[in-house]
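Let me begin by presenting the structure, written as structure tokens, before commenting on it.
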Amino acid sequence: MKIIMLGAPGAGKGTQAKMIAERYNIPHVSTGDIFRANIKNNTELGRKAKEYMDKGELVPDELTVSILLDRVAQDDCKTGYVLDGFPRTIPQAEILDQELTKLGETIDFAINVDVPDENIIRRMSGRRACVSCGATYHIEHIPPKKEGICDTCGSELILRDDDKPETVKNRLNVYHTQTQPLIEYYSKKGVLRDVDGTRDMKDVFDDITSILGQA
Ligand code: AP5
Ligand code: MG
């Protein structure tokens, strides 16, 4: 099963993608996580990506597309995957489609996690991310057992540089101009499914599993 998560920054794509990956036993592929791992390891890709991410801009397609295509070509993606944060532009979606067509494959579902901008800003300022394993928390909704420390690996939790309020506003603008058109793109293909992302994350997941089936 090949799934794309659509939605504004902070809509809960990553939260739901992790739950989908676990339930359906497919890899969770997040371009944002791949970039953050590269930033942490101070690779050339990481240094280039950081310049854009810190401003809330999109990383250019030339840097993004090849890393995503390399990732989904790996063996663990043979039975499917859930893409989180890719595609984010119409050209990215077109390239993904071209590559899938070559393999005789298609995207099964594009799940649009719908959350209004007002809710987003509140969520992002409360998010905390683990510097080491990428796990995410929310100071109100999903607090770690010990403040500032990751439950999973014991590393430090931080506010992402791009979660500062001014940057979040820019990320929302970028989302509306460059990424939102993908909703129509996947709707035309007949694979778009909308879920109300403002509710409790378990209710959102119940909606998603009723779309994907009870595997
Ligand atoms: P990326 O990491 O993809 O960031 P994003 O899309 O801005 O999305 P987020 O990860 O911020 O939000 P999310 O929807 O995953 O929400 P989450 O589940 O964490 O990308 C970062 C940057 O990398 C981009 O700005 C860009 O520069 C670059 N980039 C990445 N991919 C790219 C691409 N393809 N092309 C070009 N550039 C690219 O939830 C948010 C918070 O809310 C959490 O604290 C969570 O606990 C909480 N929460 C989640 N669900 C709920 C709920 N139902 N109720 C209450 N709280 C909830
Ligand atoms: Mg995310």
Side-chain angles (χ1 to χ4, degrees), residues 4-21 28-39 45-46 48-69 71-72 82-96 111-130 134-144 151 157-164 167-180 182 195-208:
I4 287 172
M5 302 305 290
L6 294 176
K13 302 181 295 296
T15 304
Q16 297 298 329
K18 281 184 197 116
M19 293 156 87
I20 293 170
H28 167 209
V29 176
S30 157
T31 38
D33 285 352
I34 295 173
F35 288 138
R36 281 185 287 277
N38 275 276
I39 292 172
L45 172 68
K48 284 187 188 154
K50 191 173 187 333
E51 283 176 37
Y52 298 92
M53 290 169 74
D54 282 355
K55 288 185 278 189
E57 306 288 340
L58 294 186
V59 177
D61 289 351
E62 307 83 86
L63 293 176
T64 308
V65 170
S66 57
I67 58 154
L68 185 278
L69 294 180
R71 177 65 191 90
V72 297
V82 50
L83 298 187
D84 160 21
F86 188 98
R88 243 186 171 88
T89 61
I90 297 279
Q92 289 182 10
E94 289 172 344
I95 293 172
L96 178 64
I111 310 260
N112 178 37
V113 184
D114 193 19
V115 179
D117 288 7
E118 309 83 83
N119 302 35
I120 300 274
I121 305 207
R122 220 168 326 132
R123 274 192 194 179
M124 308 287 249
S125 56
R127 175 165 58 183
R128 295 295 178 270
C130 174
T136 50
Y137 300 84
H138 189 280
I139 49 176
E140 287 162 40
H141 309 295
I142 333 173
D151 292 350
L157 300 179
I158 54 154
L159 176 69
R160 270 167 45 179
D161 282 340
D162 59 348
D163 279 349
K164 305 202 163 112
T167 315
V168 170
K169 282 186 194 140
N170 194 33
R171 286 164 68 194
L172 282 168
N173 284 335
V174 167
Y175 167 74
H176 290 302
T177 51
Q178 302 198 56
T179 307
Q180 211 170 9
L182 290 172
V195 294
D196 175 358
T198 60
R199 295 167 316 135
D200 185 272
M201 50 193 83
K202 290 195 184 61
D203 296 332
V204 179
F205 188 59
D206 284 347
D207 278 1
I208 293 178

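As the structure is a prediction and not an experimental result, all values here were calculated from the model. Just follow the structure's listing: the first ligand is 1, and inside any ligand the first atom is 1.
The closest non-hydrogen atom to atom 11 (O) of ligand 1, taken over K202, R123, R127, comes from R127. Among G85, A49, A129, the residue whose heavy atom lies closest to atom 34 (N) of ligand 1 is G85. The residue from M53, Q178, R160 that puts a heavy atom closest to atom 4 (O) of ligand 1 is R160. Counting heavy atoms only, T15 comes closest to atom 39 (O) of ligand 1 of the residues T15, I142, L6, D33. Evaluated by nearest non-hydrogen atom to atom 3 (O) of ligand 1, the leading choice among R88, M19, K50 is R88.
Atoms CD1 and OG1, from I90 and T179 in turn, are 9.0 Å apart once rounded to the nearest 0.5 Å. Taken from CG in D203 to OG1 in T198, the straight-line distance is 10.0 Å, to the nearest 0.5 Å. Taken to the nearest 0.5 Å, the CG atom of L96 stands 5.5 Å off from the CD1 atom of I4. The CG atom of D162 sits 12.0 Å away from the CZ atom of F35 when rounded to the nearest 0.5 Å. The line from CE of M201 to CE of M19 is 7.5 Å long, rounded to the nearest 0.5 Å. Rounding to the nearest 0.5 Å gives a distance of 10.0 Å between CD of Q180 and CG of L172.
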Derivation and outcome, side chain to side chain contact (heavy atoms under 4.5 Å, CB included), residues M5 and I20: CA-CA 10 Å; M5 302 305 290; I20 293 170; 3.7 Å; yes
Working for side chain to side chain contact (heavy atoms under 4.5 Å, CB included), residues T136 and R128: CA-CA 6 Å; T136 50; R128 295 295 178 270; over 6 Å; no
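Of the polar atoms of E57, at least one N or O is found under 3.5 Å from an N or O of ligand 1, judged by distance alone. By the 3.5 Å distance cut-off applied to N or O atoms, P9 is not counted among the residues near ligand 1. Polar contact with ligand 1: absent for D84 (N/O pair, distance under 3.5 Å). Below 3.5 Å of separation, one finds no N or O of D200 facing any N or O of ligand 1. Residue contacts with ligand 1: Y137 is placed with a nitrogen or oxygen under 3.5 Å of a nitrogen or oxygen of the ligand (distance criterion only). Polar contact with ligand 1: absent for T136 (N/O pair, distance under 3.5 Å). Checked against a 3.5 angstrom limit, the closest N/O atoms of T198 and ligand 1 fall outside it. Considering backbone and side-chain atoms alike, T31 places an N or O below 3.5 Å from some N or O of ligand 1. Residue G10 places at least one N or O, backbone or side chain, under 3.5 Å from an N or O of ligand 1. Remark: ligand 1 and V59 share an N or O pair separated by less than 3.5 Å (distance only, no angle test).
No salt bridge links K164 with D54; every basic N to acidic carboxylate O contact stays at or beyond 4.0 Å.
When side chains are defined from C-beta on, N38 does not count as touching I67, because their heavy atoms never get closer than 4.5 Å. Using a 4.5 Å heavy-atom cutoff, the side chains of I120 and R171 are not in contact. Under the 4.5 Å side-chain criterion, counting only non-hydrogen atoms from C-beta, D196 is not in contact with D114. Put simply, the side chain of I208 reaches to within 4.5 Å of the side chain of Q16, judged on heavy atoms. A 4.5 Å side-chain heavy-atom check between R199 and D207 finds at least one atom pair inside the cut-off. The side-chain heavy atoms of I121 and K169, taken from C-beta on, include a pair separated by under 4.5 Å.
In this structure, A8 counts as a contact residue of ligand 1, since one of its heavy atoms falls inside 4.0 Å of the ligand. For the ligand labelled ligand 1, residue M5 lies outside the 4.0 Å heavy-atom shell. Not a single heavy atom of G7 lies less than 4.0 angstrom from ligand 1. Distances from ligand 1 to the non-hydrogen atoms of G197 include at least one value under 4.0 Å.
Annotation for ligand 1: atoms under 4.0 Å from non-hydrogen atoms of R171 are 4 (O), 5 (P), 7 (O), 8 (O), 9 (P), 11 (O). Residue R36 has at least one heavy-atom neighbour below 4.0 Å for each of these atoms of ligand 1: 2 (O), 21 (C). Near R199, meaning under 4.0 Å from one of its heavy atoms, ligand 1 places the atoms 52 (C), 53 (N), 54 (N). In the vicinity of M124, heavy-atom distances shorter than 4.0 Å reach the ligand 1 atoms 11 (O). Atoms of ligand 1 found under 4.0 Å from any heavy atom of M201, numbered from 1 in the order shown, are 48 (N), 50 (N), 51 (C), 52 (C), 53 (N), 56 (N), 57 (C).
By the criterion of a heavy-atom distance under 4.0 Å, neither the backbone nor the side chain of P60 is placed next to ligand 1. Of the heavy atoms in H141, only side-chain atoms (C-beta onward) come closer than 4.0 Å to ligand 1. With a heavy-atom cut-off of 4.0 Å, T64 touches ligand 1 through its side chain alone.
Closest to atom 16 (O) of ligand 1 among all protein heavy atoms lies G12 N, 3.2 Å. Protein heavy atom in closest approach to atom 35 (N) of ligand 1: Q92 NE2, 2.9 Å. The shortest contact between atom 29 (N) of ligand 1 and any protein heavy atom is with F35 CE1, 3.7 Å. Looking only at heavy atoms of the protein, atom 15 (O) of ligand 1 is closest to G14 N, 2.8 Å. Looking only at protein heavy atoms, the nearest one to atom 8 (O) of ligand 1 is K13 NZ, 3.2 Å.
No hydrogens or angles considered: nothing links the side chains of D33 and H28 as a donor-acceptor pair under 3.5 Å.
Nearest approach of S30 to R36, heavy atoms of both residues: OG-NH2, 4.4 Å.
Tested against M53 for a side chain to side chain contact (heavy atoms under 4.5 Å, CB included), the candidates L58, T167, D161, I39 yield a single pass: I39.
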